[in-house]
There are 2 protein chains.
Amino acid sequence: MATMHDVARLAQVSVSTVSYVLTGTRPISQGTRARVLAAMAELDYQPNAMARGLASRRSRILGLLLPMDERGLGATETAFVTGAAAAASAVGYHLVLSPVGGGGDLDELRRLASQRMFDGVVLMEVQLADERVAALQEAGVPLVLIGRTGDASGLSYVDIDFEQTVREAVAHLVGLGHRRIVYVNHSAEALNSGYGPALRTRDAFVAAMTGHGLEPVMIPAEDSAAGGRAALAAALARTPDLTAMLAMNETAIFGILGELTARGRSVPDDVSVVSMVTSPQVAELATPALTAMTSPGSTMGRIAIEALVRHLDGSGDERHQQLLPCSLEIRGSTAAPPSRQPMGADQ
Amino acid sequence: MATMHDVARLAQVSVSTVSYVLTGTRPISQGTRARVLAAMAELDYQPNAMARGLASRRSRILGLLLPMDERGLGATETAFVTGAAAAASAVGYHLVLSPVGGGGDLDELRRLASQRMFDGVVLMEVQLADERVAALQEAGVPLVLIGRTGDASGLSYVDIDFEQTVREAVAHLVGLGHRRIVYVNHSAEALNSGYGPALRTRDAFVAAMTGHGLEPVMIPAEDSAAGGRAALAAALARTPDLTAMLAMNETAIFGILGELTARGRSVPDDVSVVSMVTSPQVAELATPALTAMTSPGSTMGRIAIEALVRHLDGSGDERHQQLLPCSLEIRGSTAAPPSRQPMGADQ
DNA sequence: CCGCTTCGTCGAAGCGCTTCGACGATCATT
DNA sequence: AATGATCGTCGAAGCGCTTCGACGAAGCGG
């Protein structure tokens with residue numbers, strides 16, 4: 001493995017000159033630069049990352065802190081990670097995935113942060129009250145959140161624009177002629193514990209429906225196929241003549257579809273279904289393929305990394321705050337509602 | 001940020017002594033060790049990862065090289081990654097995810113390897129002929145593969161035991177009384193291009209069926225819901241009275257299920273379905289939930305990391321080669337075949 | 001033509017840690 | 001009681017790089 005010394009010797013310059021060629025920190029004449037570059041090429045020189053990190057006090061490593069306690073990453077999170085990694089490598093950084101368990105690993109996190117291995121970190125799955133944020137800030141590590149804490153005023157974050165996303169989804173259904181739309185949210189516990197996306201979409205749904213002069217009917221659902229089936233039963237009990245459903249819950253929606261079919265209601269002829277914050281891969285699995293609000297996973301990853309790097313490279317701008325809407329992708333699960341009452345009843 | 005010097009001063013010992021306490025490289029007396037530990041605690045000392053890496057020539061960072069060109073990671077790959085990350089952090093290593101695009105990024109890979117940032121790497125999605133392997137070996141980076149190259153004799157790898165997995169799946173179906181079982185593999189292109197899992201399962205299916213005195217019927221399928229529907233059509237054309245299907249294709253299987261329902265064949269009453277190399281999360285999405293051969297994702301990740309670390313820490317054993325079977329998880333998609341011809345015909 | 005700034009380069013001093021050789025002290029052996 | 005071994009500790013020499021101050025050589029205005 002060639003070192004800078006070898007390059008310097010071959011190019012007949014000092015090591016510092018080689019370093020300046022590499023980093024561009026000081027002006028170097030054309031001739032010298034060319035000789036150094038040639039020497040590097042000849043020796044197949046690669047700077048040693050550790051030595052660089054030690055001397056410059058910048059590791060050029062970014063941490064992506066994600067809780068991996070549960071069942072791993074969904075497609076949305078995966079897209080986020082890949083987008084972030086690609087963005088990082090595009091600007092010459094490495095991205096380290098650190099599975100910091102959501103709960104007691106706070107000390108572990110502190111230790112990580114103090115090891116000076118990360119120039120900055122992206123924190124995923126942020127809760128409304130997230131103690132990891134404080135821990136990281138105390139350690140003085142530049143930080144970008146995915147999601148938002150309750151008071152995120154002083155922080156950088158990238159999050160989904162739930163208001164806009166819900167508004168668009170509702171507009172799509174209303175535009176098709178639907179009037180009785182039920183929203184299937186996350187579980188009641190998630191709502192009670194202050195899970196941001198659940199709360200924000202709830203409020204947005206009420207606002208959107210009210211704006212159209214419609215009644216906002218909402219049902220919570222456990223994150224499972226069974227939860228989806230139960231939610232559908234509850235929804236039909238409450239609004240027997242519903243013609244459309246909007247679901248926040250990537251897992252429950254498969255239960256909803258299954259139960260709908262089991263009850264002899266066809267999708268989308270009898271009931272239209274829109275899935276929120278969903279990846280195309282998952283949407284395509286369903287039969288029919290789901291019309292969905294596609295989450296901007298990889299874009300979010302890219303933006304988060306870019307904001308972080310901009311901060312690190314000192315382009316001054318503290319506090320990057322941005323909301324991204326999901327985009328409507330129409331597939332086979334939505335259509336106009338049945339022209340008149342599908343299963344008997346008045347009018 | 002406290003340094004080793006600060007600790008040494010406070011504990012009234014030399015820096016080297018502090019280092020020995022930290023690394024256990026040389027014996028240290030009880031009293032001294034205690035004083036040093038106390039000083040560390042008081043100063044909230046954390047060793048600087050870069051300095052350590054530079055001086056010891058070991059970064060304690062492991063690379064996980066995975067191609068991220070396509071649609072991101074499935075649940076199986078995710079489980080693998082989380083398992084690997086957990087195992088790495090358990091033995092004091094960090095895991096860096098590097099999205100090395102499958103194709104032209106070979107130079108990028110070489111560069112990465114030469115930067116001495118990784119003590120070792122795990123290579124995912126290995127092809128039968130994979131040039132990345134050679135590139136890494138030339139760079140002298142310890143290596144563990146997930147999957148196998150054509151000739152893996154000199155390499156360390158962890159892979160799924162496809163033979164055993166297929167055998168178990170077939171045994172399950174045969175045990176239920178099925179005789180006409182169709183195997184839905186990956187696409188014809190995948191087979192032609194020598195994709196290992198597709199070839200290995202194909203051969204294993206032939207062997208298993210023949211072993212039971214049954215005829216091995218096989219159909220390729222594109223990796224999509226549409227591909228699954230087409231495959232079902234082809235399967236029914238070829239074996240109209242099939243009673244069970246075994247599918248290797250996590251995506252196609254949803255198309256198969258949808259089409260089965262559309263054709264009025266109920267699962268599992270008319271047709272049993274087993275999904276191979278599938279994660280529980282995906283299996284649960286289907287209606288009914290899929291009986292599946294669950295891929296040992298996180299176990300594989302753990303084993304791969306442990307093998308790599310054992311190699312690095314010089315416990316001598318080169319070449320760890322291991323195959324892991326998927327485990328049968330019975331859910332709702334398999335049952336005994338219909339007692340006698342479900343749709344007319346002889347006997 | 002003189003003093004001044006700017007340019008291009010060098011040498012040396014670290015960055016915070018590991019590791020090697022050295023050395024007094026302790027301990028078991030003959 | 002003399003002789004090694006072994007134990008516990010220290011000082012110093014790097015690991016490969018960045019960065020600071022210095023300095024000769026140009027380039028400039030007056």
Side-chain angles (χ1 to χ4, degrees), chain A residues 1-37 39-40 43-61 92 111 114-119 312-314, chain B residues 1-37 39-40 43-61 92 94 111 113-119 312-314:
Chain A
M1 204 92 322
T3 76
M4 228 172 191
H5 268 92
D6 304 328
V7 175
R9 198 176 319 125
L10 183 59
Q12 317 220 55
V13 296
S14 72
V15 274
S16 48
T17 300
V18 176
S19 175
Y20 293 133
V21 168
L22 217 49
T23 62
T25 322
R26 285 195 185 179
I28 294 290
S29 69
Q30 278 303 314
T32 310
R33 156 176 281 104
R35 258 186 306 136
V36 170
L37 257 18
M40 285 181 177
L43 295 175
D44 196 19
Y45 168 74
Q46 292 298 335
N48 178 304
M50 296 286 134
R52 260 185 171 224
L54 178 58
S56 66
R57 269 146 300 235
R58 322 255 271 89
S59 65
R60 301 197 78 82
I61 298 180
R111 198 147 51 70
S114 307
Q115 282 188 152
R116 304 277 108 192
M117 168 150 287
F118 300 146
D119 287 351
L312 292 178
D313 292 354
Chain B
M1 203 92 323
T3 75
M4 227 171 188
H5 270 90
D6 304 328
V7 175
R9 199 176 319 124
L10 183 58
Q12 316 219 56
V13 296
S14 71
V15 274
S16 49
T17 300
V18 176
S19 175
Y20 293 133
V21 168
L22 216 50
T23 61
T25 322
R26 284 194 185 181
I28 295 290
S29 69
Q30 278 303 315
T32 310
R33 155 175 282 104
R35 256 186 307 135
V36 170
L37 257 18
M40 286 183 177
L43 295 175
D44 196 18
Y45 168 74
Q46 291 298 336
N48 178 305
M50 297 286 134
R52 263 189 157 202
L54 179 57
S56 65
R57 267 146 304 233
R58 322 255 272 89
S59 64
R60 301 197 77 83
I61 298 181
H94 290 282
R111 197 148 52 68
S114 308
Q115 282 187 155
R116 304 276 108 192
M117 168 150 288
F118 299 146
D119 287 351
L312 293 177
D313 292 354

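Values reported hereafter were calculated over all heavy atoms of this structure, with side chains retained and with hydrogens, waters and symmetry mates removed. Chain naming here is simple, since letters A, B, ... match the order of the sequence lines and numbering starts at 1 in each.
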(message) Looking at B/S56, I'd like to know whether one of its side-chain N or O atoms comes within less than 4.0 Å of OP1 or OP2 on C/dC17.
(response) no
(message) OP1 or OP2 of C/dT18 versus the side-chain N and O atoms of B/R52: is any pair under 4.0 Å?
(response) yes
(message) Could you walk me through whether A/M4 and A/Y45 satisfy the side-chain contact (heavy atoms from CB on, under 4.5 Å) test, starting with their C-alpha distance in whole Å, then the side-chain angles of each, then the deciding distance to 0.1 Å, before giving a yes or no?
(response) CA-CA 8 Å; A/M4 228 172 191; A/Y45 168 74; 3.7 Å; yes
(request) Could I get the full list of side-chain hydrogen bond (donor to acceptor under 3.5 Å, both in side chains) partners for A/S19, not counting sequence neighbours? (result) none
(message) Could you work out, with side-chain hydrogen bond (donor to acceptor under 3.5 Å, both in side chains) as the rule, every residue matching B/S114, not counting sequence neighbours?
(response) none
(request) Over all heavy atoms of both residues, which pair between A/R35 and A/V13 is shortest? Give the atoms and the distance, please. (result) NH1-CG1, 4.0 Å
(message) Give me the atom names and distance for the closest heavy-atom approach of B/D119 to B/R60.
(response) OD2-N, 2.7 Å
Separation of atom [atom1] in [X] from atom [atom2] in [N], rounded to whole Å:
X     : N      : atom1 : atom2 : answer
A/L22 : D/dG16 : CG    : P     : 15 Å
A/R58 : D/dC17 : CZ    : P     : 18 Å
B/Q46 : C/dC15 : CD    : P     : 20 Å
B/M50 : C/dG16 : CE    : P     : 13 Å
B/Y45 : C/dG16 : OH    : C1'   : 7 Å
B/M4  : C/dC15 : CE    : P     : 15 Å
B/N48 : C/dG14 : CG    : C1'   : 14 Å
A/M40 : D/dG16 : CE    : P     : 15 Å

Name the closest nucleotide to the [X] side chain, picking from [options].
X     : options                : answer
B/R57 : D/dT19, D/dG16, D/dC15 : D/dC15
B/L54 : C/dC17, D/dC17, D/dC15 : D/dC15
B/A55 : D/dC17, D/dT18, D/dG14 : D/dG14

Could you pull out all donor-acceptor pairs under 3.5 Å where a side-chain atom in residues 46-56 of chain A meets a protein atom, sequence neighbours excluded?
{"residue": "A/N48", "atom": "OD1", "partner": "A/M50", "partner atom": "N", "Å": "2.8"}
{"residue": "A/N48", "atom": "OD1", "partner": "A/A51", "partner atom": "N", "Å": "2.9"}
{"residue": "A/S56", "atom": "OG", "partner": "A/R52", "partner atom": "O", "Å": "2.6"}
{"residue": "A/S56", "atom": "OG", "partner": "A/R58", "partner atom": "N", "Å": "3.3"}
{"residue": "A/S56", "atom": "OG", "partner": "A/R58", "partner atom": "O", "Å": "3.4"}

(request) Any chance you could list the contact pattern along nucleotides 5-11 of chain D? Use B for base contacts, S for sugar-phosphate-only contacts and - for none, protein heavy atoms under 4.0 Å, 5' to 3'. (result) ---SBBB
(request) Just jot down the side chain to side chain contact (heavy atoms under 4.5 Å, CB included) partners of B/L43, sequence neighbours excluded, or say none. (result) B/A2, B/D6, B/V7, B/L10
(request) Apply side-chain contact (heavy atoms from CB on, under 4.5 Å) to the pair A/Q115 and B/H94, showing each step before the final yes or no. (result) CA-CA 12 Å; A/Q115 282 188 152; B/H94 290 282; 3.5 Å; yes
(request) Have a look at the helix from C/dC1-D/dG30 to C/dT30-D/dA1 and give the angle its two end axes make, five pairs each, rounded to 10 degrees. (result) 30°
(request) Kindly compute the distance separating CG (B/L37) from OG1 (B/T32), expressed to the nearest 0.5 Å. (result) 11.0 Å
